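To keep things clear, I will list the structure first and then write my remarks on it.
The structure displayed is predicted, hence computed values, not measured ones.
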Amino acid sequence: MAQDAFRRQQGRTAPEVHTARTMRLGRASDTIDELTEQIRSVAAGYEELEGAASDAVVRRSNALRLTAAERANESVLDSFQVIGVDAYREPSTSKWSLSRQIRDVLSARVMISEDRIRLGSGVLAQLPRKSSLLDALG
């Protein structure tokens, strides 16, 4: 029901604004599909190894974490541009509020410590190919 009201409101805007919003919404949707596929791929690789950690799986998992943080940021900001100023308001004053999501994605890079993850992946990439993660950990 709320989606219908939002679509009606969007239909009253200028066609060029509607087109830009539709493109941003499509990009956000594509991002979700892309990340879902990457998650499935990493999970399948992990399952093939029957839960054993390998350098490649750890590096792929780290890359997924970093990519997800970046793309989530883009998707929420695209959604913010689709909704407009109502997305910026607090939930108590706007049913379209994205304030919590905006705070969450902007803090994600700090929370997952990008530098630490990149350093760990770099160390794994420098190990000789016949070495394993367990050897590197001592």
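- S94 contributes atom OG, which lies 7.5 Å from atom CD1 of I83 (distance to the nearest 0.5 angstrom).
- Nearest heavy atom pair, residue V105 against residue V76, reads CG1-CG2, 3.6 Å.
- Put simply, L98 and L106 are part of the same group of oily side chains (I, L, V, M, F, W, Y) that touch within less than 4.5 Å, one to the next.
- To the nearest 0.5 Å, atom CZ of residue F80 and atom CG of residue D86 are 10.0 Å apart.
- A 4.5 Å side-chain heavy-atom check between R89 and V85 finds at least one atom pair inside the cut-off.
- Pairing each heavy atom of S99 with each of E90, the nearest pair is OG-OE1, 3.6 Å.
- Heavy atoms only, all atoms of each residue included: A87 and I102 are closest at O-CD1, 4.3 Å.
- The residues R27 and D30 are annotated as not salt-bridged, no charged nitrogen and carboxylate oxygen being separated by less than 4.0 angstrom.
- With hydrogens and angles disregarded, a donor-acceptor distance shorter than 3.5 Å links the side chain of S107 to the backbone of R103.
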Which pairs of donor and acceptor atoms, one on a side chain in residues 33-40, lie under 3.5 Å apart (sequence neighbours left out)?
residue	atom	partner	partner atom	Å
E34	OE1	R71	NH1	3.3
E34	OE2	R71	NH1	2.7
T36	OG1	I32	O	2.8

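- Distance check, rounded to the nearest 0.5 Å: OG1 of T31 to CG of D78 gives 7.0 Å.
- Remark: the backbone N or O of L25 is not paired with any side-chain donor or acceptor of S29 at under 3.5 angstrom.
- One finds the OG atom of S61 at 9.0 Å from the OH atom of Y46 (value rounded to the nearest 0.5 Å).
- Looking only at atom types and distance, the side chain of R60 has a donor-acceptor partner in the side chain of S41 under 3.5 Å away.
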